[in-house]
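Right, one structure below, let's go through it.
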2 protein chains.
Amino acid sequence: MIYSSELIKGTLKTIILKLLRDNPRMYGYEMTQRVKELTGNKIQLTEGALYPTLHALEADGILQTESEFIGKRVRKYYSLTPKGKTKGEEKISELADFLETMKFLIGMNTQLIN
Amino acid sequence: MIYSSELIKGTLKTIILKLLRDNPRMYGYEMTQRVKELTGNKIQLTEGALYPTLHALEADGILQTESEFIGKRVRKYYSLTPKGKTKGEEKISELADFLETMKFLIGMNTQLIN
DNA sequence: CAATTATACATCGGAATCTTATGTATATGC
DNA sequence: GCATATACATAAGATTCCGATGTATAATTG
């Protein structure tokens with residue numbers, strides 16, 4: 001089962017920031033593979049969503065890049081800037097909080113007894 | 001603290017279905033108030049998002065409505081159709097599953113040690 | 001060794017979803 | 001009487017993602 005795409009919306013940035021908090025640097029394709037492997041194929045980051053988001057985060061000063069040649073092929077490594085580290089912590093704890101709230105909402109009985 | 005809007009994206013439909021699974025019927029404004037109260041103001045459903053979504057779910061045969069006059073004012077009650085009950089269970093368990101997966105992703109160390 | 005699959009980047013049109021603003025109207029509280 | 005709460009609705013615009021497409025190199029496999 002793969003989650004409907006609408007659920008992934010809004011979490012992509014935070015997932016990227018989380019990966020780069022734990023790892024000194026990663027490249028795009030590697031991120032898709034890692035997330036796929038960590039979630040047992042439940043979350044598949046599509047390239048059409050990932051690369052534009054990486055570019056946006058870089059333009060925002062949250063990520064920085066260094067390109068390396070692997071044979072004849074370019075590989076673009078991303079890492080957090082100092083600003084990105086701060087932003088990352090914020091986003092991650094916001095998401096953690098959100099997950100708890102949603103879990104509570106979904107798990108409880110929302111019926112109102114008057 | 002109110003969650004950044006991007007996080008709410010994708011969960012609205014499921015929240016509505018969850019509310020209507022627990023309650024025989026609810027009207028739009030009531031949903032905004034209930035969610036606000038249940039989440040301690042952390043999730044605020046905006047009307048501009050809620051009403052079009054309710055209309056879409058109705059057009060999809062997932063919700064049905066009955067209008068009532070409260071004084072001179074119309075109040076539009078929504079409830080789940082049989083199809084909506086099935087869809088609701090699916091969406092709710094998908095979201096619960098997604099929340100677990102995301103919690104795992106956020107909570108663990110995603111570093112790869114080779 | 002040819003063909004397929006995996007790796008690795010990128011962009012773009014279109015779809016879906018939400019925000020902000022605006023509009024209308026009645027009811028309530030002070 | 002005036003502000004706030006209740007209650008619906010729509011519409012333009014922004015954001016964000018998907019699916020498709022493109023390019024190219026590397027590795028695997030029959």
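Lettering follows sequence order; numbering is per chain, from 1.
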Close side-chain approach of B:Arg34 and B:Asn23, heavy atoms under 4.5 Å: yes
Between C1' on D:dC8 and NZ on B:Lys72, what's the gap in Å once rounded to a whole number? 17 Å
Distance in angstrom units between A:Tyr29 OH and D:dT25 C1', rounded: 13 Å
Please answer: with hydrophobic residues joined when any side-chain heavy atoms are less than 4.5 Å apart, are B:Val74 and B:Tyr77 in the same cluster? no
Start and end of the DNA chain C segment that chain B contacts, any atom under 4.0 Å from a heavy atom: C:dT17 to C:dA27
Would A:Thr101 and B:Tyr3 count as having a side-chain donor-acceptor pair, cut-off 3.5 Å? yes
Could you list, one pair per line, each protein nitrogen or oxygen that sits under 3.5 Å from a nitrogen or oxygen of nucleotides 18-22 of chain D, together with the distance?
from: D:dC18; atom 1: OP2; to: A:Thr46; atom 2: OG1; distance (Å): 2.8

Could you tell me the separation between the CD atom of B:Glu37 and the P atom of D:dA5, rounded to a whole number of Å? 16 Å
What residue among A:Ile16, A:Ile43, A:Leu12, A:Asn41 forms side-chain contact (heavy atoms from CB on, under 4.5 Å) with A:Val35? A:Ile43
Would you call B:Thr86 and B:Glu90 a side-chain contact if the rule is heavy atoms closer than 4.5 Å? yes
B:Lys42/A:Asp97 ion pair, N-O < 4.0 Å: yes
Applying a 4.0 Å non-hydrogen cut-off, can you work out what A:Arg75 is touching in the nucleic acid: base, sugar-phosphate, or nothing? sugar-phosphate
Thinking salt bridges, do B:Glu30 and B:Arg25 make one under a 4.0 Å N-O criterion? no
Gap between atoms CD and C1', on B:Gln33 and D:dA5 respectively (whole Å): 9 Å
Could you state the CD-C1' distance from B:Glu68 to D:dC8, rounded to the nearest angstrom? 15 Å
B:Tyr78 backbone acceptor or donor facing B:Thr65 side chain under 3.5 Å: no
Residue whose closest nucleotide on DNA chain C lies nearer the 5' end, B:Gly10 versus B:Ile70: B:Gly10
Taken to the nearest whole Å, NE2/B:His55 to C1'/D:dT10 is 9 Å
B:Leu20 and B:Met31, any side-chain heavy atoms less than 4.5 Å apart: yes
Contacts of B:Gly71 and A:Leu54 projected onto DNA chain C by closest heavy atom; the upstream (5') one is A:Leu54
